[in-house]
Participant: 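Can you keep this structure in mind? I'll have questions shortly.
The analysis underlying the following values was restricted to heavy atoms, covering all of them including side chains, and did not include hydrogens, waters or symmetry mates. Just follow the structure's listing: the first ligand is 1, and inside any ligand the first atom is 1.
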Amino acid sequence: MVLQYDVVIVGAGGAGCRAALEIPEGVRCAVITKLFPTRSHTAAAQGGVCAALGNEEEDSWEWHMFDTVKGSDYLGDQDAIEILTHDAPQTIYELEHIGMPFSRNADGRIAQRRFGGHTRNFGEAAVQRACFAADRTGHIMLHTLYENCVKKGVEFFSEFFLLDVLIEDNICRGVVAMDIRTSEIHTFYAKAVMFATGGACKVFRISSNAHGLVGDGIALAYNRGVPIEDHEFVQFHPTGLFKLGILVSEAARGEGGILRNKNGERFMERYAPTIKDLAPRDVVSRCIYTEFREGRGIVGDDGTQYVHLDLTHLGKEVIDKKLPDVTGFARTYLGVEPIKEPIPIQPTAHYIMGGIPTDLNGQVRANQKDKLVTGFYAAGECACVSVHGANRLGTNSLLDIIVYGRRAGKAMTEFIRENDFAPLPRDADKPVREKIEWISKSNGKESVADLRQKLQDEMMDKCSVFREVKGLAAVRETVRELKARYQNIHIDDRTRTFNTDLLDAIELGYLLDNAEVIVEGALARKESRGAHYRDDYSKRDDKNWLKHTFAYKTEKGVKLEYKPVTITKFQPKERKY
Ligand SMILES: Cc1cc2nc3c(=O)[nH]c(=O)nc-3n(C[C@H](O)[C@H](O)[C@H](O)COP(=O)(O)OP(=O)(O)OC[C@H]3O[C@@H](n4cnc5c(N)ncnc54)[C@H](O)[C@@H]3O)c2cc1C
């Protein structure tokens, strides 16, 4: 069936819902989502969303801008970061006004707390900048946005699975999606399409991400000729529950939690004397791995190592009031009582800084120069407007999705006013039908679960916190081998109702494409910057590498091009904390 809408947004997380809210009433707007909207990963965000409101102490958006630029290891584009930090207070107040119940301070204003890398007066000391709703900030934010969308009459297509984006002659004309309930294929013909499909950290074995975060939109855009920017930069969050990767929010350290090694030592004092446990995530994750390497980790029953996150000195009241969910996870999944005992943690793959490149209005870039794709937009974790550069600061992603979701919504509104529908290609859904037919009928020998496991293990072992040429070259071979074996997969369920076997198989294809781009970018980048750390090139190299990677899919494999970084206010300096 062909359905026609002015605007089609794929993804009902914070970025998708925030964009949908900008589309005026009377304009036909559809939001397609493989999950029920409020089950999107935005709802898992715990710690906060930052803005220099100055409700607790003096603060300014210029300080926030500086911190974000420095946190990005100077790879973030400073024009984009200026918009992010300057518009932050207004976007938070808008959320407040449409009903988001933030936690409050004693004056009744939005409460704020400390978070990694956020400082006062250009790095002097930690500042309270993260607004929050206990440790359920994303959950509360997404519910508020979704309810407002429903009130406004946005049409949601829940449990519809995106399978293709229709780009011809550099004009986007719609998407193809499957109704998961019936396996029916539908073409959504649109003037403007926006991707807000979220992250891709399920490429790694230990990850804080939900099962569905496989980089769908990123892989589909890549397969249709769109370059992928800076995908080698993957953030490992220091505090995932040991072996599980489930996140213990940085809010735990923001409230005063301390990391300790096997000797009980507060080791971050040695590495980051100024802000200690609240250094940015890339720094803290590397310090934890260094503790492991030097034998100061605690060895678990499976022989792997962890360190402790100690909250015991915070007391029951603070823990119950400000960190109820994350401490609940420790109780439920590890059987640890955080009021009395430290929590075993290890770094966990958390956030992908790279993605579909966009301009400042969320319009997708067609190349590393100035060419844009007509009618195609992206925002949120799947996109890269490059506010996070080589490393994202905590609480800057919830901010990114509302600031840039809003901007993309506004840009699409203007675009559809001025433009007509471009013709729909004939047989637009043919490639998708052929792919589904192939997977459904294939009698290959390979199991989807086995291939996925191998990919996640290898990426975790060779392409995570520490990287070097031998490991990267080996994992490149593994990805190639797995891509070949993928051609020979089979699925057991051949029915048409809620066929999750089929979805898993398609998602594995998306994971492989994302992994390929991550690994190629990481192999090529012979320096260490932000979350990308090369043992064999341990220094940042601004002379050769202060530039964005743009990865293209070609017949011969990945082709890499580069784009200069936009620097306005802050010249690159050594990053010390
Ligand atoms: C555990 C955890 C805690 C976090 N805490 C914080 C925090 O405190 N502060 C902060 O700033 N950031 C935090 N983050 C990061 C932040 O939550 C995310 O980066 C952000 O919410 C992403 O929002 P999004 O709208 O881009 O995507 P998501 O919220 O992930 O939504 C993606 C949407 O795309 C849809 N979709 C994907 N693929 C398809 C497909 N093939 N077909 C149809 N639909 C599809 C999904 O159904 C979903 O609706 C956290 C992340 C995690 C994992």
Side-chain angles (χ1 to χ4, degrees), residues 8-19 31-51 113 115-116 130-133 135-139 141-142 145-146 156-165 175-180 188 194-202 207-220 235 237 239-241 245-251 254 281 325-326 329 348-353 355-356 378-383 388 392-402 404-405 408 503 506-507 509-510:
V8 167
I9 297 171
V10 189
C17 285
R18 186 62 193 81
V31 177
I32 298 172
T33 166
K34 67 179 176 181
L35 303 168
F36 186 77
T38 51
R39 298 195 74 86
S40 306
H41 195 69
T42 297
Q46 302 165 354
V49 50
C50 59
R113 63 177 159 211
F115 243 83
C131 314
F132 57 96
D135 57 358
R136 309 181 181 110
T137 313
H139 178 92
M141 177 188 283
L142 188 58
L145 290 170
Y146 175 62
F156 283 92
F157 288 83
S158 284
E159 299 184 325
F160 272 64
F161 191 87
L162 173 74
L163 289 162
D164 203 359
V165 51
V175 298
V176 181
M178 183 172 80
D179 182 347
I180 299 175
F188 288 80
M194 174 183 167
F195 274 12
T197 49
C201 280
K202 275 291 170 189
S207 171
S208 68
N209 281 196
H211 184 73
L213 291 175
V214 297
D216 317 51
I218 297 166
L220 287 171
Q235 176 168 85
H237 192 296
T239 58
L241 290 185
I246 296 173
L247 193 74
V248 181
S249 168
E250 203 170 289
R281 293 169 179 175
D325 271 16
V326 294
F329 297 151
T348 182
H350 183 57
Y351 185 87
I352 189 133
M353 271 69 76
I356 304 167
E381 194 167 337
C382 73
H388 309 303
R392 169 175 79 81
L393 291 189
T395 68
N396 262 350
S397 174
L398 287 185
L399 181 62
D400 176 15
I401 64 181
I402 53 173
Y404 281 97
L503 300 186
I506 298 169
E507 288 187 339
Y510 297 156

Participant: Quick check: does any side chain N or O of Thr42 sit under 3.5 Å from a backbone N or O of Gly14, one acting as donor and the other as acceptor?
Facilitator: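 Present.
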
Participant: Using a 4.0 Å cutoff against the non-hydrogen atoms of Phe160, which atoms of ligand 1 qualify?
Facilitator: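 Answer, ordered by atom number: 42 (N), 43 (C).
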
Participant: I want to know if ligand 1 touches Ala44 in the polar sense, i.e. an N/O pair below 3.5 angstrom.
Facilitator: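 No: no nitrogen or oxygen of Ala44 is under 3.5 Å from one in ligand 1.
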
Participant: Any idea which of Gly16, Ala196, Gly212 brings a heavy atom closest to atom 33 (C) of ligand 1?
Facilitator: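 Nearest option to atom 33 (C) of ligand 1, by heavy atoms: Ala196.
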
Participant: If you measure from each heavy atom of Arg136 to ligand 1, is any distance below 4.0 Å?
Facilitator: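 Distance cut 4.0 Å: Arg136 fails for ligand 1.
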
Participant: For the 3.5 Å polar cut-off, considering only N or O atoms, please tell me whether Ala15 and ligand 1 meet it.
Facilitator: yes

Participant: Which of the numbered atoms in ligand 1 are below 4.0 angstrom from a heavy atom of Leu247?
Facilitator: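 The atoms of ligand 1 under 4.0 Å from a heavy atom of Leu247 are 1 (C), 2 (C), 3 (C).
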
Participant: Distance from Glu159 atom CD to Leu35 atom CG, nearest 0.5 Å?
Facilitator: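 The CD atom of Glu159 sits 8.0 Å away from the CG atom of Leu35.
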
Participant: Considering the heavy atoms of Gly11, write down every atom of ligand 1 situated less than 4.0 Å from one of them.
Facilitator: 33 (C), 34 (O), 35 (C), 49 (O)

Participant: Does Asn209, backbone or side chain, put an N or O under 3.5 Å from an N or O of ligand 1?
Facilitator: no

Participant: Using a strict cut-off of 4.0 Å, indicate which atoms of ligand 1 neighbour a heavy atom of Thr395.
Facilitator: 9 (N), 10 (C), 11 (O)

Participant: Using distance alone, determine whether Gly14 and ligand 1 share an N or O pair under 3.5 Å.
Facilitator: yes

Participant: If you measure every N/O of Ser208 against every N/O of ligand 1, is any gap under 3.5 Å?
Facilitator: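 No - when backbone and side-chain N and O of Ser208 are compared with those of ligand 1, no distance drops under 3.5 Å.
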
Participant: Quick one: does Leu213 get within less than 4.0 Å of ligand 1, heavy atoms only?
Facilitator: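 Distance cut 4.0 Å: Leu213 passes for ligand 1.
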
Participant: Which atoms of ligand 1 sit under 4.0 Å from any heavy atom of Tyr351?
Facilitator: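 This gives 19 (O) as the contact atoms.
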
Participant: Kindly determine whether Asp325 and Gln46 satisfy side-chain contact (heavy atoms from CB on, under 4.5 Å), including the steps that lead there.
Facilitator: CA-CA 8 Å; Asp325 271 16; Gln46 302 165 354; 5.9 Å; no

Participant: Number the atoms of ligand 1 from 1 as they appear, then name those within less than 4.0 Å of a heavy atom of Ala12, with their elements.
Facilitator: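 Taking each heavy atom of Ala12 in turn, ligand 1 has 33 (C), 48 (C), 49 (O) under 4.0 Å.
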
Participant: Judged by non-hydrogen atoms, does Phe132 sit under 4.0 Å from ligand 1?
Facilitator: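 It does not, in that no heavy atom of Phe132 comes within the 4.0 Å cut-off of ligand 1.
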
Participant: By number and element, which atoms of ligand 1 are closer than 4.0 Å to a non-hydrogen atom of Ser40?
Facilitator: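 Listed by number with element: 29 (O), 31 (O), 48 (C), 49 (O).
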
Participant: Applying the side chain to side chain donor-acceptor pair (under 3.5 Å) test to Tyr351, which of Glu381, Arg281, His388 qualifies?
Facilitator: His388

Participant: With the threshold set at 4.0 Å, does a side-chain nitrogen-carboxylate oxygen contact exist between Lys34 and Glu507?
Facilitator: yes

Participant: Quick one: does Gly380 get an N or O within less than 3.5 Å of an N or O on ligand 1?
Facilitator: no

Participant: Look only at interatomic distance and state if Leu162 has a nitrogen or oxygen under 3.5 Å from any nitrogen or oxygen of ligand 1.
Facilitator: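 It does: an N or O of Leu162 is found under 3.5 Å from an N or O of ligand 1.
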
Participant: Identify which of Ser249, Gly13, Ser397 has a heavy atom lying nearest to atom 20 (C) of ligand 1.
Facilitator: Ser397

Participant: Is there at least one pair of N or O atoms, one from Ile401 and one from ligand 1, spaced under 3.5 Å apart?
Facilitator: no

Participant: Examine Leu399 against ligand 1 and note whether any of their N/O atoms are separated by less than 3.5 Å.
Facilitator: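 No; every N/O pair is 3.5 Å or more apart.
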
Participant: Among Val176, Ile32, Val10, which residue satisfies the side chain to side chain contact (heavy atoms under 4.5 Å, CB included) criterion with Phe188?
Facilitator: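 Testing Phe188 for a side chain to side chain contact (heavy atoms under 4.5 Å, CB included) against Val176, Ile32, Val10 leaves exactly one candidate, Ile32.
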
Participant: Could you tell me if any non-hydrogen atom of Gly199 lies under 4.0 Å from any atom of ligand 1?
Facilitator: no

Participant: Compute the shortest N/O to N/O distance between Thr33 and ligand 1 and return yes if it is under 3.5 Å, no if not.
Facilitator: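 Between Thr33 and ligand 1 (N or O atoms, distance only) the closest approach is under 3.5 Å.
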
Participant: Aromatic contact between Phe132 and Phe115, with the criterion being ring centroids under 6.0 Å apart: yes or no?
Facilitator: no

Participant: Closest non-hydrogen protein atom to atom 13 (C) of ligand 1, residue and atom name please, with distance?
Facilitator: Ala45 CB, 3.8 Å

